[in-house]
Peer 1: 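For reference, the structure I am asking about is given below.
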Number of protein chains: 2
Amino acid sequence: MSVTLKEVAALAGVSRSAVSRTFTEGASVSPKTRSKVEKAAAELGYSPNALASSLTTGRTKLIGLISNNFHNPIFLEVFDQFTRALQERGLRPLIVNLTDETEPTNSVRMLRQYSVDAAIVASSTLPPSFAKAFHDAGVPVVHTFGRSATSPEVHVVGIDNVECGRMAARELSSRGYRRIGYLGGPQDATSAMDRYRGFMEEVEKRPELEVTHCFAGAYSFEAGREEMLQQLAEGPAEGYFCGDDILSIGALSALSDHGLKPGKDIGIIGLNDMEMSRWESVDLTTIHQPIKQIITASVDLVEEMLKDPERYPEARIFPCRVIERGTLRPRP
Amino acid sequence: MSVTLKEVAALAGVSRSAVSRTFTEGASVSPKTRSKVEKAAAELGYSPNALASSLTTGRTKLIGLISNNFHNPIFLEVFDQFTRALQERGLRPLIVNLTDETEPTNSVRMLRQYSVDAAIVASSTLPPSFAKAFHDAGVPVVHTFGRSATSPEVHVVGIDNVECGRMAARELSSRGYRRIGYLGGPQDATSAMDRYRGFMEEVEKRPELEVTHCFAGAYSFEAGREEMLQQLAEGPAEGYFCGDDILSIGALSALSDHGLKPGKDIGIIGLNDMEMSRWESVDLTTIHQPIKQIITASVDLVEEMLKDPERYPEARIFPCRVIERGTLRPRP
DNA sequence: CACAGCCTTGCAACCGATTGCAAACTAGAC
DNA sequence: GTCTAGTTTGCAATCGGTTGCAAGGCTGTG
């Protein structure tokens, strides 16, 4: 089958240790043996078995990447960035697709069986306790897009969703919308809850605002469309904060069914600023979430945890900003 | 750190073999020792180290999932299906993001280091030689969305792209389009080449047809949009076969810039039938590719290769069909 | 009760690597 | 040429499991 250390050693006429050492950074080997070994290795097409070595080193360079978000187009960008960032640092993403699972036990067990060096929970809907379960099981973890907190129990990287809610409310208000609505994601998603809270907080400061709110079953096109259709049937508000870009795009589709022009007849502001939102036919005004920075920071944190597993948990929160496009009316 | 076999054995008062055997299907253990072991294991929170056991069994249950398609929304569906299908069978997806890499050597080496049981190359652009490299390195492989062939060198699962090209040309012709165009994907993508070939084959049978063709730099929204804008500047055909849905959507965006109505002013037919194509605002007439069946078949094949690594290579090709929506004019 | 036959169990070797330790080697200084 | 200090090397133990083999335990039969 596969070529092993032993065979290389035999061919090169040296001990197994010598072979091992030529393949480990910073080990002591003379140039002479090194070249003998390298020649033999090349001849046999040898490359070391990462799993066997993990047994003694205690490092696999496997990183569990756990998500339940395989339906939102923004996650294609997220996976692309994550897999690239990990690869660039010599780490290997082992994927867990949670689908509708919300209990961490299975994933924790599985990732422990594979001795992952760390885990990344990439989800804006799962509660902090989910990520905590990995930590408790001795698996270093970072929760990307997780709920920001002043004293997080595990590393969190993401945005301040409450502040985003406020930002959306302010933006709608500053455009002169009076009757406004929150069309958020699933009610049990931490991000939806936080965005809602911030939104309402800001609304309550401004007595002139009148507010409706509804939650959508999921962060999805269909859910956004459904909710907006229902709003239209019941008598809609003037402007909406949609919890997410894909919800916004669903809502836009509902508007277009009714012959309504976004930005003119009804205002929409989203959150994420995914690629699709820039498309001319979408042209969505939205709150930009700095995905790339978030992911880089997450992987940085993973690397730092590998060096120091006891690292004190920290939250890295990135600011968001409104990207003005065509779905809100101009500022008065 | 982690609990080991030895500690469980000590606590249960049995040998290490006994513990190992209670955790391996079909090994001989008496009910009495089994329950002792299970009790001890539960108490310590033991679960076996999959990598250590892979050392002797030669099976890791890791499956390399290699792709270069992290920008086409259809691939979110693809990854979702793949990761779920693999998980359901107890297999673990180890992701390789090729980005712009077209040379297999690195991925092959890496996946061999991690002793993957098999690899899945999920790409419609990479040549058969790419997948072959895995086979040659002793890694069982299936090429999903690969180039169909009557005598494939490795397992291939997908569609007959040449036939899809023909199908598109027939469809355009049957709608009475005379001046038609092929707006395909990257010129070096096997799928784009094959679709083009089929398209032209059918065109040549029909002297009444007049054809233009152009390739796009990538299977992407921007590329589709760019190419269509250029076509419009140069004087467009009446109907287009776009190599892929995301290209089609880009092209539709270009049409809308020029105030042209798809299906009325210019016809567009895509390929894939991704979720987005069903959106009311898109409503794309397209050739349906049975993603789910393709992926299930791919994973089936992986499982069968695990049983019999010498399995004779085979091609599983699924039929496609036209899904009529709003971007072609009605049949006369 | 003796014996055959099947189950269960532990021993010990092994999977493919790493690594502490001590022996062997090298080079340089005198 | 001898001695010292620093390198290089191989031995052997170890990582966390699996598994062939032979010994020991059990059952049932004559």
Side-chain angles (χ1 to χ4, degrees), chain A residues 1-38 40-41 44-62 92 109-117 138-139, chain B residues 1-38 40-41 44-62 109-117 138:
Chain A
M1 228 302 284
S2 189
V3 191
T4 73
L5 200 61
K6 195 150 76 174
E7 307 171 42
V8 179
L11 180 61
V14 297
S15 74
R16 287 149 67 228
S17 330
V19 180
S20 170
R21 285 194 255 257
T22 58
F23 285 94
T24 39
E25 201 80 15
S28 139
V29 223
S30 70
K32 213 191 309 177
T33 37
R34 147 155 283 135
S35 80
K36 272 197 294 187
V37 169
E38 276 169 352
L44 297 174
Y46 169 77
S47 67
N49 180 329
L51 302 182
S53 70
S54 82
L55 215 50
T56 40
T57 59
R59 286 250 169 291
T60 55
K61 291 180 176 257
L62 291 172
R92 312 294 165 197
R109 187 159 31 77
M110 195 232 106
L111 291 179
R112 279 186 32 142
Q113 286 185 341
Y114 280 84
S115 317
V116 295
D117 287 347
V139 179
Chain B
M1 203 357 246
S2 191
V3 192
T4 73
L5 199 62
K6 196 150 74 173
E7 307 172 42
V8 179
L11 180 61
V14 298
S15 73
R16 287 150 64 227
S17 329
V19 180
S20 170
R21 285 194 255 258
T22 59
F23 284 95
T24 37
E25 200 81 14
S28 141
V29 223
S30 71
K32 214 190 310 175
T33 37
R34 148 156 282 136
S35 79
K36 273 196 292 185
V37 169
E38 275 170 353
L44 297 174
Y46 169 77
S47 68
N49 180 329
L51 302 182
S53 70
S54 82
L55 215 48
T56 39
T57 60
R59 286 247 168 295
T60 56
K61 291 179 177 260
L62 290 172
R109 186 159 33 79
M110 195 232 106
L111 291 178
R112 279 186 32 140
Q113 287 185 340
Y114 280 84
S115 318
V116 295
D117 287 348

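Nothing here was measured: the structure is a model prediction, and the numbers come from that model.
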Peer 1: Between A:R21 and A:S28, is any pair of side-chain heavy atoms under 4.5 Å apart?
Peer 2: no
Peer 1: Answer yes if the side chains of B:S17 and B:S20 hold a donor-acceptor pair under 3.5 Å, and no otherwise.
Peer 2: no
Peer 1: For a side chain to side chain contact (heavy atoms under 4.5 Å, CB included) check, start with the C-alpha distance between A:D117 and A:L62, then their side-chain angles and the critical distance, and finish with the verdict.
Peer 2: CA-CA 6 Å; A:D117 287 347; A:L62 291 172; over 6 Å; no
Peer 1: Rounded to the nearest angstrom, tell me the gap between atom NZ in A:K36 and atom P in D:dT8.
Peer 2: 14 Å
Peer 1: As a quick check of understanding, evaluate side chain to side chain contact (heavy atoms under 4.5 Å, CB included) for B:L44 and B:L11, giving each step before the final call.
Peer 2: CA-CA 9 Å; B:L44 297 174; B:L11 180 61; 3.9 Å; yes
Peer 1: How long is the line joining CD of B:E7 and P of D:dT14, in whole Å?
Peer 2: 15 Å
Peer 1: Between B:N49 and A:Q113, is the side chain to side chain contact (heavy atoms under 4.5 Å, CB included) condition met? List the steps.
Peer 2: CA-CA 5 Å; B:N49 180 329; A:Q113 286 185 341; over 6 Å; no
Peer 1: D:dT9 C1' sits how many Å from A:R34 CZ, rounded?
Peer 2: 14 Å
Peer 1: Are B:S54 and B:T57 close enough that a side-chain donor and a side-chain acceptor fall under 3.5 Å?
Peer 2: no
Peer 1: Could you tell me the separation between the CZ atom of A:F23 and the OG atom of A:S47, rounded to the nearest 0.5 Å?
Peer 2: 8.0 Å
Peer 1: Please report the end-to-end axis angle for the helix from C:dC1-D:dG30 to C:dC30-D:dG1, five pairs per end, rounded to 10 degrees.
Peer 2: 50°
Peer 1: Check every strand shown and say whether B:S28 touches a base, only sugar-phosphate, or nothing at a heavy-atom separation below 4.0 Å.
Peer 2: base
Peer 1: If only side-chain N and O atoms of A:S15 are considered, is one of them under 4.0 Å from the OP1 or OP2 phosphate oxygen of D:dC11?
Peer 2: no
Peer 1: List the atom of A:S2, the atom of B:R112, and the distance in Å for their closest heavy-atom pair.
Peer 2: OG-NH2, 3.9 Å
Peer 1: Treat primed atoms plus P, OP1 and OP2 as sugar-phosphate and everything else as base, then score nucleotides 12-21 of chain C 5' to 3': B for base contact with protein heavy atoms under 4.0 Å, S for sugar-phosphate contact only, - for none.
Peer 2: B--BBBBBB-
